[in-house]
Amino acid sequence: MLFKLDAASTVPLGDQIASSVRAAIADGTVEPGERLPAARVLAGSLGINVHTVLRGYQRLREEGLIELRRGRGAVVVDNPVSPGRARVLERIGELVEEARKVGIPEEDLLALIRAANLAG
């Protein structure tokens, strides 16, 4: 699996790691039951802190996309949320990144989303 990080991005590196995994789940590159690289190994190969990788993995666990198992590491859940949900989560990440780039605070972004939902 390929992890793409952009050190110049305003998106935290842990979020970029989570985004890479979400995209791989959404497009079928990573399948249920598949192990993700160990946090230490991935951190070493990317030249980043292991805690940064763990933050990305924790976010994915909170989203229901992976399980963190002692002794097995990070594993894509056997019955993950739908690939459609993974795609939506990926697009949300892109939206948040774009909002940060143009200086839209999180609260304003949420208000814009709510307003768009009411209008639709």
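Note that the coordinates shown come from a computational prediction; the quantities given were computed from them, not determined experimentally.
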Just list the side-chain donor-acceptor pairs under 3.5 Å for residues 46-54, sequence neighbours left out, or say none.
from : atom 1 : to  : atom 2 : distance (Å)
N49  : OD1    : H51 : N      : 2.7
T52  : OG1    : R55 : NH2    : 3.3

Write down the atom of [X], the atom of [Y], and the distance for their closest heavy-atom approach.
X    : Y   : result
R100 : P12 : NH1-CD, 3.3 Å
A24  : D27 : O-OD1, 2.9 Å
S9   : E97 : OG-OE2, 3.3 Å
G56  : A18 : O-CB, 3.7 Å

Distance-only check: which donor-acceptor pairs under 3.5 Å involve side-chain atoms of residues 103-112, not counting sequence neighbours?
none

If I take atom [atom1] from residue [X] and atom [atom2] from residue [Y], how far apart are they, to the nearest 0.5 angstrom?
X   : Y   : atom1 : atom2 : answer
Q58 : E63 : CD    : CD    : 10.5 Å
I66 : L60 : CD1   : CG    : 4.5 Å
D15 : R59 : CG    : CZ    : 4.0 Å

F3 side chain reached by P37 side chain, heavy atoms, under 4.5 Å: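 They are in side-chain contact.
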Side chain proximity check, I25 to V76, heavy atoms < 4.5 angstrom: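 A side-chain contact under 4.5 Å exists here.
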Is there a path of hydrophobic side-chain contacts, each under 4.5 Å between heavy atoms of I/L/V/M/F/W/Y residues, joining [Y] to [X]?
X   : Y    : answer
V30 : L68  : yes
V96 : I113 : yes
Y57 : V41  : no
L5  : L36  : yes

